[in-house]
Amino acid sequence: MISSVCKMLLAAAAAVLLLVGSTHAARNVFGSCPAVKPMADFDMSKFEGLWYVAECFDTVTCMTWNITKLSDTKWHLTETKTSGMTKVYNAKVILNPATPGALTINWAINLGGRYPFTVHDTDYTTYASVFLCQKVVFYTRQNGITLSRTPLMPIGLRQVTSGKLATYDVEMSYFRKVDQGHCGYSTNDDDMIDMG
């Protein structure tokens, strides 16, 4: 017989899964968040702007992030995609001045509140690698994001960028290439060369 306390805990965990799990795609992983090291000397003003999502822990198409400044410590992130039930997600990204690459994010539809948003590598003009991890009861919701300033990113650069997370025990098999090939972006033809 399961005790009433266990039943309540299971019901609470199921409710959290429904509320948080359905809001924004990620992988549910038992345990704690990996200790991903934030980029030293990260500059959020160089990071803002339009990014194309090259890889993430979900199967999506035509996904972009547009990051705009709200104040010295807050930015607005708009995520758009053509797949899934919800096409647009909005979030606030909060800068920690003491550790600029260790941000927090609060998605408007995530009832679980804000959680770590770590930029661990970027050159600001070509690529960026981000890791998001939210602790939920006895598991974590993890999402690795590889970003590109152009719609299509060569496979070698994608692999190097996402592969840096492997040093933090992030599971590489979770990464899925985001299809950006037929999204109707108005771009230079040179930007549309995808080598993988």
### Message
With a 4.5 Å cut-off on side-chain heavy-atom distances among I, L, V, M, F, W and Y, is there a chain of contacts connecting Ile67 to Val93?
### Response
yes
Of all heavy-atom pairs linking Leu165 and Gly144, the shortest is CD1-CA, 4.2 Å
- Message: Would you call the rings of Phe30 and Phe138 parallel, tilted or perpendicular, taking 30° and 60° as the class edges?
- Response: parallel
For residues 75-104, the disulfide (SG to SG under 2.5 Å) pairs (sequence neighbours left out) are none
Heavy-atom closest pair (Thr140 atom, Gly31 atom, distance to 0.1 Å) is CG2-O, 3.0 Å
By side chain to side chain contact (heavy atoms under 4.5 Å, CB included), Thr64 pairs with (sequence neighbours left out) Leu50, Tyr52, Thr80, Tyr185
Applying salt bridge (charged side-chain N to carboxylate O under 4.0 Å, His left out) to Glu48 and not counting sequence neighbours gives none
Quick check against the 3.5 Å criterion: does Glu79 have a side-chain atom that pairs as donor or acceptor with the backbone of Met63?
no
For Leu70 and Lys92, the nearest pair of non-hydrogen atoms, with its separation, is CD1-CE, 3.9 Å
Next on the checklist: Donor-acceptor pair, distance only, cut-off 3.5 Å: does the side chain of Arg158 make one with the backbone of Met153?
Outcome noted: yes
*asked:* Could you see if Tyr124 belongs to whatever hydrophobic cluster contains Trp75? Use Ile, Leu, Val, Met, Phe, Trp, Tyr and a side-chain cutoff under 4.5 Å.
replied: yes
Joint cluster assignment, Val29 & Met172, ILVMFWY side-chain distance < 4.5 Å = yes
Would you find a donor on one side and an acceptor on the other, under 3.5 Å apart, between the side chain of Lys135 and the backbone of Arg141? no
Shortest non-hydrogen pair, Gly101 vs Pro38, comes out as C-CB, 3.5 Å
So the disulfide (SG to SG under 2.5 Å) pairs with at least one residue in residues 44-82 (sequence neighbours excluded) are Cys62-Cys183
key: Cluster link Tyr174 to Tyr168, ILVMFWY, side chain under 4.5 Å   = yes
By side-chain hydrogen bond (donor to acceptor under 3.5 Å, both in side chains), Asn106 pairs with (sequence neighbours left out) none
Sequence neighbours excluded, the answer for side chain to side chain contact (heavy atoms under 4.5 Å, CB included) partners of Ser32 is none
Residues at least two apart in sequence or cross-chain that pass ring pair (Phe, Tyr, Trp, His ring centres under 6.0 Å) with Phe131, listed by chain then number, are none
Applying side-chain hydrogen bond (donor to acceptor under 3.5 Å, both in side chains) to Thr99 and not counting sequence neighbours gives none
For residues 66-117, the disulfide (SG to SG under 2.5 Å) pairs (sequence neighbours left out) are none
State whether the side chain of Lys87 and the backbone N or O of Lys81 hold a donor-acceptor pair below 3.5 Å, judged by distance alone. no
On a heavy-atom basis, the closest approach of Thr61 and Ser83 is N-OG, 3.1 Å
Sequence neighbours excluded, the answer for salt bridge (charged side-chain N to carboxylate O under 4.0 Å, His left out) partners of Lys46 is none
Rounding to 0.5 Å, atoms CG (Leu77) and CG (Asn90) come to a distance of 8.5 Å
Donor on one side chain, acceptor on other, Trp65 and Tyr89, under 3.5 Å: no
Asp169 meets the salt bridge (charged side-chain N to carboxylate O under 4.0 Å, His left out) criterion, sequence neighbours left out, with none
To the nearest 0.5 Å, atom NZ of Lys177 lies from atom CD of Gln159 at 11.0 Å
Residues at least two apart in sequence or cross-chain that pass side-chain hydrogen bond (donor to acceptor under 3.5 Å, both in side chains) with Tyr127, listed by chain then number, are Asp121
Query - Phe175 ring center within less than 6.0 Å of Phe57 ring center - result: yes
